[in-house]
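A quick write-up on the structure given underneath.
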Amino acid sequence: AFAGCSALESVTIGNGVMSIGSAAFANCSALTTITIPDSVVSIDSFAFRNCSSLEIVIIGNGVTSIGSSAFENCSALTSITIPDGVTSIGSSAFSGCSALTSITIPDGVMSIGSEAFAYCSWLTSITIPDSVVSIDRSAFFGCSALESVIIGNGVTTIGSKAFQNCKSLESVTIGNGVTTIGSKAFENCRALTSITIPDSVTTIGDSAFSCCSSLRSITIPDSITSIGSEAFSYCDILTDITFKGTTEQWAAIVSSDWDYNTDHYTIDCTDGVITKY
């Protein structure tokens, strides 16, 4: 409807409008503020994509879905509050919002789409509520200032590359519902020093923690059935692994190159110790 109106600076959306259609305000590069009334139920795909001057967004309480790439590359946006009624955040919804420092994800959101917050390079912390079931591929990829993550107990899958290249990530709490940590999920999280994997997890994917160059200690439950290729490769200073199963179980679950290019470490199992020198 207004896509490419590069001189448009402000918009008033009347109370009564129920949806903002696909690409409705895309590429409105001078738009600085938008208030979305409570009557709006859906913000469709690409609705405000590339609105590079957009600083303030107020989303009404009636919104239930935020479409894919809805606010992609809104590089001036510093904060956003997602209302309680939202159940899904689409793929790339806030990707490239490089000035975004805070985000509140409410209870009720069930899915965080692929690349939803990728390249939000000033985002420092995130809490994912128990209502979320899946964190999709590359959801927080390249969030280089992200320091802490709390993943709720409802999440079952951490998708591939979900937190890849989050180079400042120091603290990760993984909820007790997670069963799968996808390939490269935490690859190149260079500030991460320790990780405790909950008893619910059965699979650690290929290169899941590869290149976590500050990682010193890991706790792994005996619920794990497979640790993928190069899962902890290039973890240069990894020294202490606690495995809550037997040495025989450990031998059965690890791939041959799970520890590629690591140095000395000790694995404490329930019936003995495995040591690499």
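Only a predicted model underlies this, so the values are computations on that prediction, with no experimental measurement involved.
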Problem set entry | Under 3.5 Å side-chain donor-acceptor pair for Ser200 and Asn176 | no
Exercise. Is a side-chain donor or acceptor of Asn27 paired with a backbone partner of Asn50 at a separation under 3.5 angstrom?
Worked result: no
For this session: Determine whether the side chains of Ser233 and Ser210 contain a donor N or O and an acceptor N or O closer than 3.5 Å.
Result: yes
Seminar exercise, completed: Output for pair (Thr32 OG1, Ile56 CD1), nearest 0.5 Å, gives 7.5 Å
Problem set entry | CD on Glu55 to CG on Leu31, rounded to 0.5 Å | 10.5 Å
Seminar exercise, completed: Distance col, row Ile267:CD1 vs Thr247:OG1, nearest 0.5 angstrom, shows 10.0 Å
Seminar exercise, completed: Rounded to the nearest 0.5 angstrom, the CD1-CD1 distance for Ile174 and Ile150 is 12.5 Å
Using atom types as modelled, flag every donor-acceptor pair under 3.5 Å from a side chain in residues 87-100 to any protein atom, sequence neighbours excluded.
unit_1: Thr87; atom_1: OG1; unit_2: Thr64; atom_2: O; d: 3.4
unit_1: Ser95; atom_1: OG; unit_2: Ala118; atom_2: O; d: 3.4

Problem set entry | Non-neighbouring partners of Ser214 that pass side-chain contact (heavy atoms from CB on, under 4.5 Å), sequence neighbours left out | Thr193
Exercise. How many angstroms lie between atom CD1 of Ile80 and atom CD1 of Ile59, to the nearest 0.5 angstrom?
Worked result: 4.0 Å
Exercise. Do the non-hydrogen side-chain atoms of Ile204 and Ile253 ever get within less than 4.5 Å of each other?
Worked result: no
For this session: Hey, could you give me the OG1/CG distance between Thr35 and Asn15, rounded to the nearest 0.5 Å?
Result: 11.5 Å
For this session: Can you run down the side chain to side chain donor-acceptor pair (under 3.5 Å) pairs that involve residues 139-167, sequence neighbours left out, and say none if there aren't any?
Result: Gln164-Glu187, Asn165-Asn188
For this session: Say whether, by atom type as modelled, one donor and one acceptor occur between the side chain of Ser217 and the main chain of Ser194 under 3.5 angstrom.
Result: no
Exercise. Hey, mind stepping through Ser226 and Thr203 against side-chain contact (heavy atoms from CB on, under 4.5 Å) and telling me if it holds?
Worked result: CA-CA 5 Å; Ser226 67; Thr203 303; 3.6 Å; yes
